[in-house]
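This is a predicted model, so every value here is computed, not measured.
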Amino acid sequence: MSLSHRLAECCLVPSPPGPWDVPWAPSLPPRAGILPSGTFCLDPTALIRVQVGGTCAGNAVAQAITTGIVLLGGPRIEVSGSGCWAQGQLWGAVEGADVDANAGAWVAKVLEACRVWGWPLRTDHAEEGLASLDASALGEIVARATGPFTIEHRTVSEADCKAALHEGWTIVTSGAVDEAFAAAKPGGWLDACISGGGHALMVYGYSPAGYLVRDTWGRGVGEIEADRKRLHGSCDWMKSRWERRAMRVVRR
C-alpha cells in the first residue's frame with residue numbers, strides 16, 4: 001500500500017475528555033543519557049513496527065510498552081499493536097459491541113484499556129486481520145491485569161515533554177499529518193501541521209532542534225543508522241499535535 005493510500009486511511013481523531021486526563025508533574029531526578037551532540041534517546045535500538053490499517057494508536061502504545069519494559073531491564077517483548085487497538089475500541093463500548101476494522105481507536109482509550117486489562121502479545125493476537133480479541137486472548141486478560149507490569153499515563157504540555165522523557169516517560173501523541181509527512185524520507189524532519197488525516201506516533205527522545213519520532217508505518221525499514229530509522233519532529237510540530245500523553249511502564 002502506498003504512503004498516500006495509508007495517509008487516506010488515517011481516521012484518528014482527538015481523544016474525548018475523560019477521567020484519564022491527569023496532568024503530568026515531575027517526580028524523579030532526570031535520567032542520564034544525553035549524548036555529546038545534545039541528543040537524548042530512551043530506546044535507540046527500538047524495532048520497526050509496520051501497522052496494519054488504521055491501528056496507529058494501538059501500535060504507538062504497543063511500541064511505548066515495549067520500550068518501557070526494556071527501560072525496566074525486561075526483555076524486548078512483541079506487544080500486539082492490533083490487539084491494543086482492539087482493546088481501545090472495546091474500552092467503554094456498549095455491551096455486545098465489536099471492533100470496527102474501518103475505524104481507529106482513541107489514544108486515551110487504548111492507554112486506559114492497557115492500564116486496566118494489560119496488553120496482548122502477538123502470540124495472543126496477530127497483527128493481521130484487525131479482529132476482535134479472540135477467546136484465548138480474552139482468557140488471558142485476568143492474568144495480564146494482575147501481571148508484574150502495568151502502565152501509567154498523563155497528559156503533558158509541549159513545554160514539559162523533554163522533562164518527562166528524562167524521567168523515562170515516552171510520549172504517545174496524535175495529530176494531523178499531511179502529504180509532506182507521507183513524503184518524508186527516513187531520518188527526515190516534520191514541521192507543524194494542522195490539516196490532513198489523523199495519526200498517532202511515539203516520541204522517545206529529542207535533539208537540540210526537536211524530537212525523535214517513531215512512526216508506526218515502518219519508516220526506515222532496511223536502514224542501518226538509528227537516525228535513519230526515525231523521523232525528527234520540530235518543536236512547532238509537537239505544539240501542533242492534538243494531544244500529548246506521557247506513558248511509562250511500572251512494576252506493580
Could you tell me if the side chain of Val249 sits less than 4.5 Å from the side chain of Leu71, heavy atoms only? no
For the side chain of Gln89 and the backbone of Gly104, is there at least one donor-acceptor N/O pair under 3.5 Å apart? yes
Could you state whether Tyr204 and Phe40 fall into the same hydrophobic cluster, counting links through intermediate Ile, Leu, Val, Met, Phe, Trp or Tyr residues with side-chain heavy atoms under 4.5 angstrom apart? no
Testing the 3.5 Å rule here: is there a donor-acceptor pair between the side chains of Thr67 and Arg76? no
May I ask you to check whether Asp21 and Thr155 show a side-chain donor-acceptor distance below 3.5 Å? no
Are side-chain heavy atoms of Trp106 and Trp20 found at a separation under 4.5 Å? no
Pairs flagged by side-chain hydrogen bond (donor to acceptor under 3.5 Å, both in side chains) wherever residues 107-119 is involved - sequence neighbours left out: Glu112-Arg115, Glu112-His153
What's the verdict on side-chain contact (heavy atoms from CB on, under 4.5 Å) for Tyr211 and Ile171, showing C-alpha distance, side-chain angles and the deciding distance? CA-CA 10 Å; Tyr211 295 91; Ile171 311 297; over 6 Å; no
Just by distance, do the side chain of Gln63 and the backbone of Ala46 share a donor-acceptor pair under 3.5 Å? no
May I ask you to test the Trp217-Val50 pair for a side-chain heavy-atom distance under 4.5 Å? no
In terms of heavy-atom contacts, Val110 and Gly58 come closest through CG1-CA, 4.1 Å
Donor-acceptor under 3.5 Å (Ser80 side chain, His125 main chain): yes
Which value, rounded to the nearest 0.5 Å, describes the distance between Gln51 atom CD and Asn59 atom CG? 5.5 Å
Please enumerate all residues that pass side chain to side chain contact (heavy atoms under 4.5 Å, CB included) together with Thr123, with sequence neighbours excluded. Leu121
Rounded to the nearest 0.5 Å, the OG1 atom of Thr173 sits from the CH2 atom of Trp242 at a distance of 10.0 Å
Taking the side chain as every heavy atom from C-beta outward, state whether His199 and Thr216 have any atom pair closer than 4.5 Å. yes
Acceptor/donor pairs from residues 185-195 side chains to any protein atom, 3.5 angstrom cut, sequence neighbours excluded:
unit_1 : atom_1 : unit_2 : atom_2 : d
Asp191 : OD1    : Ser234 : OG     : 2.9

OG1/Thr150 to CZ/Arg251 distance, rounded to the nearest 0.5 angstrom? 13.0 Å
Report the residues that fulfil salt bridge (Lys or Arg N to Asp or Glu O under 4.0 Å) with Asp160, sequence neighbours left out, ordered by chain and then residue number. none
Go through Trp24 and Glu167 one step at a time and tell me if the side-chain contact (heavy atoms from CB on, under 4.5 Å) criterion holds. CA-CA 11 Å; Trp24 178 86; Glu167 287 197 13; 3.8 Å; yes
Considering non-hydrogen atoms only, spot the tightest contact between Cys56 and Ala200 and give its length. SG-N, 3.4 Å
Report yes or no: does Arg248 contribute a side-chain atom to a donor-acceptor pair with the main-chain N or O of Gly168 at less than 3.5 Å? no
Would you give the length of the straight line joining atom CG of Leu201 to atom CZ of Arg219, rounded to the nearest 0.5 angstrom? 8.5 Å
Taking side chain as C-beta onward, heavy atoms only, is Val70 less than 4.5 Å from Pro75? no
Under 4.5 Å side-chain heavy-atom separation, chaining through any Ile, Leu, Val, Met, Phe, Trp or Tyr, what else clusters with Val250? Say none if it is isolated. none
From Met202 atom CE to Leu42 atom CG, the distance as rounded to the nearest 0.5 Å: 8.0 Å
Separation of Lys239 NZ from Cys161 SG (nearest 0.5 Å): 11.0 Å
Side chains of Asp100 and Asp98: does their closest heavy-atom pair fall under 4.5 Å? no
Do the side-chain N and O atoms of Asp227 and His232 include a donor-acceptor pair separated by under 3.5 angstrom? no
Could you check whether His166 and Tyr206, counting side-chain N and O atoms only, form a donor-acceptor pair closer than 3.5 Å? yes
Close side-chain approach of Leu111 to Arg245, heavy-atom, < 4.5 Å: yes
For Arg241, is there an ion pair with Glu158 - N to carboxylate O distance below 4.0 angstrom? no
Quick one: ring-ring contact (aromatic ring centres under 6.0 Å, His included) pairs with a partner in residues 42-63, sequence neighbours left out? none
Stepwise, does the side-chain contact (heavy atoms from CB on, under 4.5 Å) test hold for Phe181 with Asp215? CA-CA 10 Å; Phe181 171 87; Asp215 179 27; 3.7 Å; yes
Are any of the side-chain nitrogens in Glu223 or Lys229 under 4.0 Å away from the carboxylate oxygens of its partner? no
pair Met247-Glu152: side-chain heavy atoms closer than 4.5 Å: no
Provide the closest heavy-atom pair for Ala113 versus Gly88 in the form atom of the first, atom of the second, distance. CB-N, 4.3 Å
Give a yes or no answer on whether the side chain of Ser82 reaches the backbone of Leu130 with a donor-acceptor pair at less than 3.5 Å. no
Closest approach of Leu90 and Ala97, non-hydrogen atoms and distance? CD2-O, 3.7 Å
Could you state whether Leu72 and Ile151 fall into the same hydrophobic cluster, counting links through intermediate Ile, Leu, Val, Met, Phe, Trp or Tyr residues with side-chain heavy atoms under 4.5 angstrom apart? yes
Minimum heavy-atom distance Cys84-Val79, with the two atoms named: SG-CG1, 3.7 Å
Of all the heavy-atom pairs spanning Ala57 and Val107, show the shortest one and how long it is. CB-CG2, 3.9 Å
Among the clusters formed by ILVMFWY side chains lying less than 4.5 Å apart, do Trp237 and Leu212 turn up in the same one? no
